[in-house]
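Read through the structure below, which is laid out as structure tokens, and then see the notes.
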Amino acid sequence: MDNDFLTLIKRIKEVKNLDELDDLKELSENFLRNKKRQAILTLLSISEEMGEEEILSSIKDLSGYLESIAKQGNK
């Protein structure tokens with residue numbers, strides 16, 4: 001499992017007051033930023049093999065899935 005993720009989970013469990021939430025927010029933003037970079041690099045590295053059309057199709061499918069989840073959450 002990802003060490004950054006485990007660190008984030010550990011810090012979440014250790015929060016005892018609101019002041020610690022600011023530090024936790026910064027840690028979680030850094031974690032997400034790194035995951036986004038990894039995702040982009042992964043797409044770039046496989047783009048030649050998959051092709052633009054397949055990547056765009058996958059993104060469209062995922063986007064539709066995420067929209068349906070968001071709609072369920074808003075009910």
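When reading the values below, keep in mind they use all heavy atoms of this one structure, side chains included, and skip hydrogens, waters and symmetry mates. Values in this document were obtained by computation on a predicted structure and should not be read as measured data.
Side-chain atoms of R11 and S28, non-hydrogen and from C-beta on, never get closer than 4.5 Å to each other. Between D4 and N30 the shortest side-chain heavy-atom distance does not fall below 4.5 Å. Looking only at side-chain heavy atoms (C-beta outward), D23 and L27 stay at 4.5 Å or farther from each other.
A donor-acceptor pair under 3.5 Å is formed between the side chain of T42 and the backbone N or O of Q38. Using a distance-only test at 3.5 Å, with no hydrogens or angles considered, a donor-acceptor pair links the side chain of S47 to the main chain of L44. Side-chain atoms of S57 do not come within 3.5 Å of backbone N or O of E53 as any donor-acceptor pair.
The neighbour count for L66 CG, taken as heavy atoms of other residues, nucleotides or ligands under 6.0 Å away, is above 12. Residue E52 qualifies as open at atom CD: its count of foreign heavy atoms under 6.0 Å is 12 or below.
With hydrophobic clusters built from ILVMFWY side chains whose heavy atoms lie under 4.5 angstrom apart, L18 shares a cluster with L8. Hydrophobic clustering keeps L56 apart from Y65 (ILVMFWY residues linked when any side-chain heavy atoms are closer than 4.5 Å, directly or through intermediates).
Nearest approach of R37 to N34, heavy atoms of both residues: NH1-OD1, 3.1 Å.
Using a cutoff of 4.0 Å between basic side-chain nitrogens and carboxylate oxygens, E14 and K10 are scored as salt-bridged.
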